[in-house]
Amino acid sequence: MRIILVGPPGAGKGTQAQLLNKKTGVSILVTGDLLRDAVKRGDAVGKEADSYMSAGKLVPDEVVTKVILARMDAENLSSKGFMLDGYPRTLQQAQALDKYLEGKKAKIDAVLYFSVPDEIVKARIPGRLICKKCKAIYPNDHDTLYCKNCKEDSLEPRKDDKPEVITERLVEYKQKTAPLLDYYKSKKLLIEIPANRKIDDVFNDCMKHLNQFLNKPKK
Ligand code: AMP
């Protein structure tokens, strides 16, 4: 199956992507993780992305598209299937992805839109933690740095989870990413998942919609 996860920052896309990956074995590509790794390595992409990410701005389309499509190619994901968390985030990126998949004779099966009110997002993000090793995401009521997967104190806050940066990320989302909802709705791919619910309830809702794509013969 080939799936896109879309929604505002803090909607729970990352958490659901990890659960869906565990359940289905379908690979996830997390743009934010790929970019954060590049920033840590200090390579050319990381150097370019860093200032945008720290300011809560989207990294330029060409940079992100190159990183994502190179990874999809390297892992042959257009044929194996994938879940994209954090890409596309602009219309230009969506069109670049469509063109790439067309070239591979593949297409998106569905776009899951995680809808959450702004107040909830603003309350969820500050204080959440991410594991620097396995990338697991821990909500802000987790009160130690201990990661249960890695069995060590490997959790850290995200640099861009500060209030002023969160505000900017939400502005970017509304201006540049929200138009994708209409784009995918017009292609009859959009499935809205109300995400202001318990993690398990959101997950079960996702699975209910995705089951139909799971054992579909590859086209
Ligand atoms: P995320 O972890 O998905 O919240 O992404 C963290 C940051 O990485 C964003 O605020 C952007 O600066 C950058 N980023 C991630 N995905 C994209 C994308 N598809 N296009 C542009 N910038 C991105």
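We count ligands from 1, going down the list as the structure has it; atoms in each ligand are counted the same way. Hydrogens, waters and symmetry mates are skipped; everything else that's a heavy atom, side chains included, is used.
Counting only N and O atoms by type, the side chains of Y87 and T65 include a donor and acceptor under 3.5 Å apart. For the 3.5 Å distance criterion, the side chains of D98 and Y183 qualify, holding a donor opposite an acceptor.
Among protein heavy atoms, atom 8 (O) of ligand 1 sits closest to M53 CE, 3.4 Å. Counting only heavy atoms of the protein, atom 4 (O) of ligand 1 lies nearest to R158 NH2, 3.0 Å. Atom 16 (N) of ligand 1 has R89 NH1, 2.8 Å as its closest protein atom, hydrogens excluded (heavy atom only).
Considering backbone and side-chain atoms alike, Y87 places every N or O at 3.5 Å or more from each N or O of ligand 1. Remark: ligand 1 and L58 share no N or O pair separated by less than 3.5 Å (distance only, no angle test). Close N/O approach between D33 and ligand 1 is not found [any backbone or side-chain N/O within under 3.5 Å]. Between Y52 and ligand 1, no N or O atom pair is found at a separation short of 3.5 Å.
Atoms of ligand 1 lying under 4.0 Å from at least one heavy atom of G32, given by number and element, are 2 (O), 5 (O). Taking every heavy atom of R169 and a limit of under 4.0 angstrom, the matching atoms of ligand 1 come to 4 (O), 10 (O). Under a 4.0 Å criterion applied to the non-hydrogen atoms of Q93, ligand 1 contributes the atoms 18 (C), 19 (N), 20 (N), 21 (C). Atoms of ligand 1 lying under 4.0 Å from any heavy atom of L35, numbered from 1 in the order shown and given with element: 8 (O), 13 (C), 14 (N), 15 (C), 23 (C). Heavy-atom proximity to K57, at under 4.0 Å, picks out these atoms of ligand 1: 11 (C), 12 (O). Taking a cut-off of under 4.0 Å to the non-hydrogen atoms of D160, the atoms of ligand 1 that pass are 6 (C). Listed by atom number, the atoms of ligand 1 under 4.0 Å from G86 heavy atoms are 16 (N), 17 (C), 18 (C), 19 (N).
Of all non-hydrogen atoms in S27 and N21, the two that sit nearest each other are CA-ND2, 4.0 Å. Among all heavy-atom pairs drawn from T144 and H142, the shortest one is O-CD2, 3.0 Å. Contact record, P126 with N140: O-ND2, 2.9 Å, taken as the closest heavy-atom pair.
Heavy-atom separations between E172 and ligand 1 are all 4.0 Å or longer. Within the 4.0 Å heavy-atom cutoff, R36 counts among the residues contacting ligand 1.
Heavy atoms of V59 found under 4.0 angstrom from ligand 1 belong to the backbone as well as the side chain.
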I would like to know whether Y52 and D160 meet side-chain hydrogen bond (donor to acceptor under 3.5 Å, both in side chains); could you show each step before the answer?
CA-CA 10 Å; Y52 293 97; D160 57 352; over 6 Å; no
Between K159 and D50, does the salt bridge (Lys or Arg N to Asp or Glu O under 4.0 Å) criterion hold? Intermediate values first, please.
CA-CA 10 Å; K159 237 169 71 178; D50 193 17; 3.2 Å; yes
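The environment of Q92 atom CD is sparse: at most 12 non-hydrogen atoms of other residues, nucleotides or ligands sit within 6.0 angstrom. Residue R124 qualifies as enclosed at atom CZ: its count of foreign heavy atoms under 6.0 Å is above 12.
In this structure a side-chain-to-backbone donor-acceptor pair under 3.5 Å is present from Q93 to R89.
Salt bridge annotation for K198-D200: absent, with no cationic side-chain nitrogen under 4.0 angstrom from a carboxylate oxygen.
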